[in-house]
Amino acid sequence: MEPKYYPTIGLEIHAELATKTKMFCDSKNDPNEKEPNVNICPICLGHPGTLPVINKEAVKHVIKVGIAVGGEIADFTEFDRKNYFYPDIPKSYQISQYKYPLVKGGTLDGVKLTRIHLEEDTATSKHDQGDFSLIDFNRAGVPLMELVTEPVIHSAEEASSFAKELQLLLQYLGVAEANMEKGEMRVEANISISPISKSDFDIGKKYRSQTSILGTKVEVKNLNSFKSVEKAIAYEINRMAEILEKGEKVIQETRGWDEIKQKTFSQREKEESHDYRYFPDPDLPKLYISEVPEFKKEVLEKEIPELPSQKRERYKKDFGLKNEDVEMYVRGKEWGKFFEEVVSKLAEVRPLQEQEKSRGLTSASLVVLASNYVTSDLVGISKNSAERGLPAAPARQASEIFGKISAENFAELIRMIGARAISSRAAKDILAIMHKEGGDPQKIAASKNLLQKQDAAELKIIVQNIIASSPQVVADYKGGKETALQFFVGQAMKETKGAANPEKLREILLELLQ
Ligand code: ADP
Ligand code: MG
C-alpha cells in the first residue's frame with residue numbers, strides 16, 4: 001500500500017564543546033568531574049556584577065564545524081540574553097545567539113542546515129535524592145553548540161543517520177566528544193506528518209513537494225541515544241497518523257521520550273512560542289570575525305583534518321573496498337589507522353612474482369585481501385579477547401584491539417596468503433598466535449609446520465607413489481573420468497597432512513598422467 005502520510009523531521013542538536021575552560025569564565029570544563037560544584041566561580045554561578053569573557057577556543061570550534069559543513073561563517077556576530085528563570089539557570093537568562101548565529105546554512109549527510117550557534121549550558125538538577133532537588137553547577141557555563149537543521153528529513157533512519165554523522169564529524173574535528181549516553185550530545189526531534197494527496201502520486205512523485213504545507217509539529221526531547229532518536233520518531237509518526245485517521249488534529253506541543261515504556265508523553269503544550277525577550281548581552285563585545293586573526297578561515301582551515309566524507313571517498317578510490325569495510329575504518333579510527341599501516345607495509349614486502357601475476361594476483365587484490373582479514377578474522381579475534389574480560393571496543397586502546405600484531409607482520413601474513421605459502425586455515429591459526437604472542441608469521445608457520453609444501457621435487461615423489469598404488473583410478477581417469485583427478489589431489493593432501501598447495505598438486509598430476 002502506498003503511504004498515506006509524509007513525515008517531515010527537523011533536528012535541533014546540542015553538543016558540549018571540548019574546551020579547557022568554560023564559555024565565559026576560566027572554570028574548568030570537565031564533563032567527567034563526579035564531585036558536584038567544584039568547577040565553579042562567581043561568573044558561571046551567575047552572581048550579579050560579574051563580567052563574562054568570551055572563550056576563543058569555543059568560537060574556533062564552531063567556526064571549524066561551519067567550515068566543515070560548507071556553511072557561511074558570520075562576519076558579524078554577537079551574544080544575546082535569552083531570558084527565562086529555571087533553577088538550573090538562576091541568573092535568569094542564558095547567554096546564546098539569536099539574530100546573528102556564528103554559522104548559517106551548510107549541508108551534512110545530505111541534510112540542509114539552518115544555523116549553528118554558540119551558547120552556554122545550564123547547571124544540572126537531580127531529583128532522585130529525596131524530597132528535595134539538588135543543583136550541580138559543574139556543567140553551568142560549559143560551551144554548547146546548537147545546530148538546527150531545515151525540515152528536510154523524512155524518516156527516522158535518516159534522522160539517526162544524520163545525528164551519527166554529526167557526532168563523527170565533531171569527533172574528527174576534535175571539537176567535542178559528543179557521547180550521547182553522557183549527555184554531551186543531545187538531540188531534539190521536530191516531527192510532523194502531512195497527508196499525501198492522490199495528485200502527488202498522479203504526477204509521478206512518490207512524495208509531495210518541498211513547497212507543500214507542513215503539518216503541525218511536535219518536539220520530542222530527552223533523546224539520549226541513537227536508538228531512542230529512531231524509536232521516538234517512529235512512535236510519533238504512528239501516533240500522529242492515528243490522530244489524523246480519527247479525523248482529529250495534532251496539537252503542537254513538547255513531548256518527552258519514556259525509555260522504559262518506549263513511548264512519548266506530553267510535557268507541555270505550546271500555545272504560542274515563548275517570549276524570551278532576547279537582547280544583545282551588554283557585558284560582551286560584538287565580534288567582527290574577520291578582524292580576529294585566530295578566527296580567520298584561512299587559519300582554521302589548516303587545522304581541519306581529513307573529514308569522514310573525504311576519508312570515505314579516499315578509501316573507495318584508493319583501495320577499492322566495499323562500503324561496509326570503508327564504514328568500519330571511518331567510524332573506528334584505530335581500525336582505519338591499522339589498515340592504512342598494513343597497506344603501506346604491503347607495498348614494501350616482496351614484489352609480486354611473474355607466476356603470481358599470471359594467476360591474477362595484484363597489489364590491489366592484496367589490499368582487498370588484507371581488508372577481508374582485518375574486518376573478519378582480526379575483528380573476530382579482538383571480539384573474543386573482549387569477551388574474555390577486556391573493556392568494550394570503543395574505549396579500548398589500539399594495543400588491546402590488535403594484541404601483539406604489528407602492521408608489518410600482518411602485511412607479511414597477507415603476502416604469504418596471497419603467495420599461497422599457507423592455507424587459509426593455517427592463516428587463522430597463525431593470526432591467533434600473532435595476536436597473543438606477536439612475531440613474524442614466516443617463523444611461526446615454519447615452526448608449527450604450517451607452510452604449504454611448495455617443493456616440486458618432493459611433491460612429485462608423493463604424487464608418483466599415489467599414482468602407482470591406484471592403477472584402477474588411473475585407468476578411470478584415462479577413460480575420461482575427471483573426478484579421478486580430485487581423488488588424487490585428496491590423497492596427496494592426506495599424505496602431506498594438508499600442507500601441499502592443491503594447485504601445485506594438480507599441475508604435477510596433470511603432467512604425470514599425460
Ligand atoms: P521553533 O520556533 O518552534 O523552535 P523553528 O521554526 O525554529 O521552530 O524550527 C525548529 C526546528 O523544527 C527546526 O529544526 C525545523 O527544521 C523544525 N521544523 C519546523 N517546522 C517543522 C514541521 N512542520 N515539521 C517538522 N519539523 C519542523
Ligand atoms: Mg525549538
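Numbering of residues begins at 1 and proceeds along the displayed sequence. First listed ligand is number 1; within each ligand, the first listed atom is number 1. The figures that follow rest on heavy atoms only: side chains count, while hydrogens, waters and symmetry mates do not.
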List every atom of ligand 1 that sits less than 4.0 Å from any heavy atom of [X], numbering the atoms from 1 in the order shown and giving each element.
X      : result
Glu150 : 16 (O)
Val148 : 13 (C), 14 (O)
Gly10  : 14 (O), 16 (O), 17 (C), 26 (N)
Leu214 : 22 (C), 23 (N)
Leu11  : 14 (O)

TODO: Please find out if less than 6.0 Å separates the ring center of Phe410 from that of Phe402.
DONE: no

What I want to find out is whether [X] reaches [Y] closely enough, with some N-O distance under 4.0 Å, to be called a salt bridge.
X      : Y      : answer
Glu146 : Lys82  : no
Glu72  : Lys104 : no
Glu245 : Lys4   : yes
Lys317 : Glu313 : no

Atom pairs and distances, donor-acceptor, side-chain atoms in residues 64-71, under 3.5 Å, two or more places apart:
{"from": "Lys64", "atom 1": "NZ", "to": "Glu303", "atom 2": "OE1", "distance (Å)": "3.0"}

Close N or O approach ([X], ligand 1; < 3.5 Å):
X      : answer
Ser192 : yes
Gly215 : yes
Pro151 : yes
Gln252 : no

Task: Within reach of ligand 1, part of Thr114 (heavy-atom separation under 4.0 Å) - done: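 No part of Thr114 comes within reach of ligand 1.
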
Open item on the list: Which option wins on minimum heavy-atom distance to atom 26 (N) of ligand 1: Thr254, Ile193, Asn190, Leu113?
Closed with: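 Nearest heavy atom to atom 26 (N) of ligand 1 lies in Asn190.
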
Open item on the list: I want to confirm something. Looking only at heavy atoms, which of Lys217, Lys112, Arg115, Glu219 is nearest to atom 21 (C) of ligand 1?
Closed with: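 It is Lys217 whose heavy atom sits nearest to atom 21 (C) of ligand 1.
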
Task: Phe279 atom CZ, neighbour heavy-atom count above 12 within 6.0 Å - done: yes

Open item on the list: So, using side chain to side chain contact (heavy atoms under 4.5 Å, CB included) as the criterion, who are the partners of Tyr98 when residues are at least two apart?
Closed with: Asp80, Tyr278

